[in-house]
Number of protein chains: 2
Amino acid sequence: MRISELARAAGCHLETVRYYERIGLLPRPLRSGAGYRSYGPRDVERLRFIVRSRALGFGLDEIRGLLRLAAAGDLPCGEADELARTHLAQVEAKRRELDAMAAELRGMLDACRHGTTATCTILRALAERG
Amino acid sequence: MRISELARAAGCHLETVRYYERIGLLPRPLRSGAGYRSYGPRDVERLRFIVRSRALGFGLDEIRGLLRLAAAGDLPCGEADELARTHLAQVEAKRRELDAMAAELRGMLDACRHGTTATCTILRALAERG
DNA sequence: GCTAAGGCCCGTAGCCGCTACGGAGTCAAC
DNA sequence: GTTGACTCCGTAGCGGCTACGGGCCTTAGC
């Protein structure tokens, strides 16, 4: 299959496929006579793995590690567990951060009595506190 | 005061001050004889406003708008309200996204029986689903 | 006066993960 | 044969910084 079909099958942008190839996350594919990239089912699998990992927030370097582990069949999976656990901790930290932001924004919005910019609690809060 | 003092007073990196100046978020300051930047209390206020807005997740362009509104005393503050409200919605959307990621990661980790990479539920989940 | 340590100057390049652009070659259908 | 969709490639841009390198300035101690 050609690049756009692969991209569609895996659920990403065509340019993203080229990008992943450039940074060595996808192997260089076979080429047709005219120089078009040619992919098979294993490429779909690999790209899907990447897209799915991205959706869970893993970075591309972490994904490199996950792919390596997935390719090696017989290792104990402690390393994969560790990777995922560390990543989960980061996701949760980020979520808590956003939670705090949202709470503060809601507080500012609730307090706003919709007067002028001179008395606006939103602008005052940004100007005065911290 | 000089640039590093301003940065310390507002709680950001010195290079960030230069960056904000470069993109027009901070005005070009006075200079000492030797060409050193020279700041006053109003600069601290303005930079604090920016740092605080950044901490709440506003983008630099949004902050430009907030600063403009804060400077104009007599406008109705509906625009500031709107900006904050839109931003809050984005923060909450992002938070929900991270929530979903975290839940899925926890599910994968809980299922893992710590065997080999061949049977690891984490790697299987990434490979097979989606 | 001399030296050494620290600050500050500037422009530029790098980070992540894409996404877009432009100009050219290719392929299939009508 | 011509249209239109697809693909090729390299490079530049996004946001929001952060770091680097080479050089000037200031300050303190001797």
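Lettering follows sequence order; numbering is per chain, from 1.
Residues passing the side chain to side chain donor-acceptor pair (under 3.5 Å) test with B:Arg106 are A:Glu92, sequence neighbours excluded. The side chain to side chain donor-acceptor pair (under 3.5 Å) search around A:Arg54 returns none, not counting sequence neighbours. Qualifying side chain to side chain donor-acceptor pair (under 3.5 Å) partners for A:Arg2, counting only residues two or more places apart in sequence or in other chains: none. Under the side chain to side chain donor-acceptor pair (under 3.5 Å) criterion, A:Asp74 pairs with no residue at all, not counting sequence neighbours.
Atom-to-atom distance recorded for A:Phe58:CZ and A:Ile63:CD1 is 8.0 Å, nearest 0.5 angstrom. Taking SG of B:Cys12 as the start and CZ of B:Arg52 as the end, the distance is 15.0 Å to the nearest 0.5 Å. If you take CD on B:Glu62 and OG on B:Ser53, they are separated by 9.5 Å, rounding to the nearest 0.5 Å.
Distance alone, capped at 3.5 Å, places no donor-acceptor pair between the B:Arg96 side chain and the B:Val91 backbone.
Less than 4.0 Å separates DNA chain C from at least one heavy atom of each of the following residues of residues 10-25 of chain B: B:Leu14, B:Arg18. DNA chain C lies under 4.0 Å from no heavy atom of any residue of residues 87-98 of chain B. Near DNA chain C, meaning a heavy atom under 4.0 Å away, the residues from residues 55-63 of chain A are A:Gly59, A:Leu60. Listed in residue order, the members of residues 34-44 of chain B having a heavy atom less than 4.0 Å from DNA chain D are B:Ala34, B:Tyr36.
The phosphate of C:dC16 has neither OP1 nor OP2 within less than 4.0 Å of any side-chain N or O from A:Arg54.
Screening residues 18-32 of chain A for side-chain hydrogen bond (donor to acceptor under 3.5 Å, both in side chains), with sequence neighbours left out, gives A:Glu21-A:Arg37. Screening residues 78-90 of chain B for salt bridge (Lys or Arg N to Asp or Glu O under 4.0 Å), with sequence neighbours left out, gives B:Arg68-B:Glu79, B:Asp81-B:Arg85. Pairs of residues two or more places apart, or lying in two chains, never qualify as side-chain hydrogen bond (donor to acceptor under 3.5 Å, both in side chains) while including a residue from residues 5-14 of chain B.
B:Arg113 has its side chain out of reach of B:Thr119: every pair of non-hydrogen atoms, C-beta onward, lies at least 4.5 Å apart.
If you chain together hydrophobic residues whose side chains sit under 4.5 Å apart, B:Ile50 and B:Ile23 fall into the same group. Linking Ile, Leu, Val, Met, Phe, Trp and Tyr residues whenever their side-chain heavy atoms come within less than 4.5 Å leaves B:Tyr36 and B:Val17 in two separate clusters.
When DNA chain D is scanned in the 5' to 3' direction for atoms under 4.0 Å from non-hydrogen atoms of chain B, the outermost contacting nucleotides are D:dG16 to D:dT26.
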After noting the C-alpha distance and the side-chain angles of B:Asp43 and B:Arg46, does the key distance pass the salt bridge (Lys or Arg N to Asp or Glu O under 4.0 Å) rule?
CA-CA 5 Å; B:Asp43 295 304; B:Arg46 188 176 177 92; over 6 Å; no
